[in-house]
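Worksheet for the structure shown next.
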Amino acid sequence: MALQDAKTQVDQAFTRTDRRGLSFENAFGGAVSFLRRRYSKDLAGADVAVTGIPFDQAVTHRPGSRFGPRAIREASTLQAFDAPYGWGYDPFSLLEIVDYGDMAFDYAAVAEVPGRIEAHLGAILDAGAAPVTLGGDHFITLPILRAVVARHGPVALIQFDAHSDTWVDDDPARIDHGTFLYKAIREGLVDPAASVSVGIRTDNPDTLGVTILDAASVHRDGVEATLARIRAVVGERPCYLTFDIDALDPAFAPGTGTPVWGGLASWQAAALLRGLAGIRLIGGDVVEVSPPYDTTGATAIAGAHVAVELIALLGWHRR
């Protein structure tokens with residue numbers, strides 16, 4: 001295939017017959033799926049399932065991350081023409097990747113959402129596919145982890161974020177974007193001794209034993225030193241990676257519910273994700289892209305790139 005195929009390729013979210021390879025559909029037209037992958041609820045043989053959870057409930061300042069999956073998919077059409085730069089292999093040709101669509105839920109039955117997320121991700125995992133989830137606020141990572149751990153056992157966690165999300169919350173009925181990691185550790189889903197939070201720049205009195213590599217340390221020590229510390233903490237443990245887009249400085253990602261200055265530049269995040277090649281990644285998410293607050297689309301573009309890097313990390317051992 002080549003760019004001239006745009007003359008005949010259109011609506012590949014529905015018309016493409018393969019799950020591998022690039023797409024040369026015009027970026028500005030056609031039905032939108034993540035990277036122009038085929039929408040499918042049939043996961044037989046799929047290596048990676050990209051799915052959206054368009055849910056936000058109680059973000060600190062700006063609601064709107066329910067629109068994140070839609071915006072990330074649209075931004076991803078700019079990346080469908082080429083293998084991701086610098087990896088040295090093409091995960092799109094190596095892996096069978098489908099867009100599993102969004103999770104259905106009743107917006108007026110919020111209490112049902114955690115169970116629905118866990119079941120939704122469980123179906124992906126039971127089919128043998130690795131999940132890459134587009135959020136949604138950061139709460140969604142908690143029921144995702146419940147589904148992952150039910151099948152893989154407790155995991156190491158790599159969290160990119162401005163906030164540690166370990167504020168005390170012992171009410172199991174609360175659905176809160178800022179306490180997912182507190183509950184995940186208390187439930188035994190995440191091993192804090194093998195987990196690391198990168199880009200933090202807000203105070204929290206108790207991070208429950210998670211290693212904190214704040215944004216200032218990344219700026220001061222550099223990418224390679226930061227990667228060495230992440231690898232030393234995570235080791236060979238099965239690992240889940242969650243990327244809150246507010247890990248990036250608002251200059252690079254203004255469309256988020258909780259912007260905090262002094263964050264990672266996009267080039268630092270790209271280098272850190274790329275430098276994690278070889279970890280035992282079993283899934284990941286990118287959350288809190290809130291497009292109503294970024295008319296440029298830069299935040300959604302960043303979210304789409306993060307999701308592509310997650311796919312490349314998942315395929316690294318099979319290249």
Side-chain angles (χ1 to χ4, degrees), residues 1-6 9 12-13 16-25 27 33-40 43-51 72-73 75-100 124-125 127-134 148 152 155-156 158 160 198 223-224 226-228 230-231 234-243 264 266-286 301-319:
M1 294 191 298
L3 285 175
Q4 60 265 30
D5 293 327
Q9 291 184 357
Q12 289 197 82
R16 69 181 298 160
T17 57
D18 60 338
R19 292 176 169 180
R20 291 188 173 96
L22 302 172
S23 171
F24 295 97
E25 182 174 343
S33 62
F34 188 75
L35 294 173
R36 304 292 192 183
R37 316 317 297 182
R38 184 176 178 84
Y39 274 118
S40 179
L43 295 179
D47 299 304
V48 176
V50 179
T51 190
I72 291 170
R73 284 187 174 100
S76 77
T77 62
L78 294 169
Q79 297 173 256
F81 307 109
D82 299 294
Y85 179 77
W87 276 93
Y89 89 106
D90 177 5
F92 307 149
S93 297
L94 178 68
L95 302 172
E96 291 202 10
I97 305 168
V98 301
D99 191 324
Y100 192 59
I124 292 172
L125 292 160
V132 172
T133 305
L134 315 176
V148 168
H152 291 281
V155 295
I158 300 175
F160 286 83
V198 184
V223 168
E224 292 305 319
T226 303
L227 285 168
I230 295 172
R231 289 182 175 279
V234 173
E236 298 298 319
R237 294 286 302 273
C239 179
Y240 186 87
L241 193 153
T242 181
F243 196 109
L264 303 180
S266 58
W267 72 264
Q268 290 173 310
L272 288 167
L273 289 168
R274 186 68 49 87
L276 291 173
I279 61 170
R280 293 182 60 192
L281 190 68
I282 56 179
D285 62 55
V286 53
I301 290 169
H305 276 278
V306 170
V308 167
E309 298 297 285
L310 291 174
I311 291 171
L313 286 168
L314 286 165
W316 180 254
H317 291 291
R318 298 179 53 177
R319 71 194 192 286

For [Y], is there any backbone N or O sitting under 3.5 Å from a side-chain donor or acceptor partner on [X]?
X: Glu25; Y: Arg36; result: no
X: Asp47; Y: Glu96; result: yes
X: Asp90; Y: Ala83; result: no
X: Arg16; Y: Gln9; result: no
X: Arg319; Y: Trp316; result: yes

Subject >> Validation row: Val223, Trp267 side chains within 4.5 angstrom (heavy atoms) >> reply: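 Yes, close enough: below the 4.5 Å cut-off.
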Original post:
Would you call the rings of Phe160 and Phe243 parallel, tilted or perpendicular if under 30° counts as parallel and over 60° as perpendicular?
Top reply: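 Ring orientation of Phe160 relative to Phe243: parallel.
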From [X] atom [atom1] to [Y] atom [atom2], the distance as rounded to the nearest 0.5 Å:
X: Ile97; Y: Arg19; atom1: CD1; atom2: CZ; answer: 11.0 Å
X: Leu134; Y: Thr51; atom1: CG; atom2: OG1; answer: 7.5 Å
X: Leu241; Y: Leu313; atom1: CG; atom2: CG; answer: 7.0 Å

For the residue pair [X] and [Y], what are the closest heavy atoms and their distance?
X: Ala80; Y: Leu35; value: CB-O, 3.7 Å
X: Leu227; Y: Leu272; value: CD2-O, 3.3 Å
X: Val234; Y: Ala156; value: CG1-CB, 4.0 Å
X: Arg37; Y: Gly21; value: NH1-O, 2.8 Å
X: Ile124; Y: Ala49; value: CG2-CB, 3.8 Å
X: Ile279; Y: Cys239; value: CD1-SG, 4.4 Å

Subject >> Test side-chain contact (heavy atoms from CB on, under 4.5 Å) applied to Arg73 and Asp99, step by step >> reply: CA-CA 10 Å; Arg73 284 187 174 100; Asp99 191 324; 2.8 Å; yes
Side chains of residues 302-312: which donor-acceptor pairs under 3.5 Å do they make with residues two or more places apart or in other chains?
from	atom 1	to	atom 2	distance (Å)
His305	ND1	Gln79	NE2	3.2
Glu309	OE1	Trp87	NE1	3.1
Glu309	OE1	Arg274	NE	3.0
Glu309	OE1	Arg274	NH2	3.0
Glu309	OE2	Trp87	NE1	3.3
Glu309	OE2	Arg274	NH2	3.2

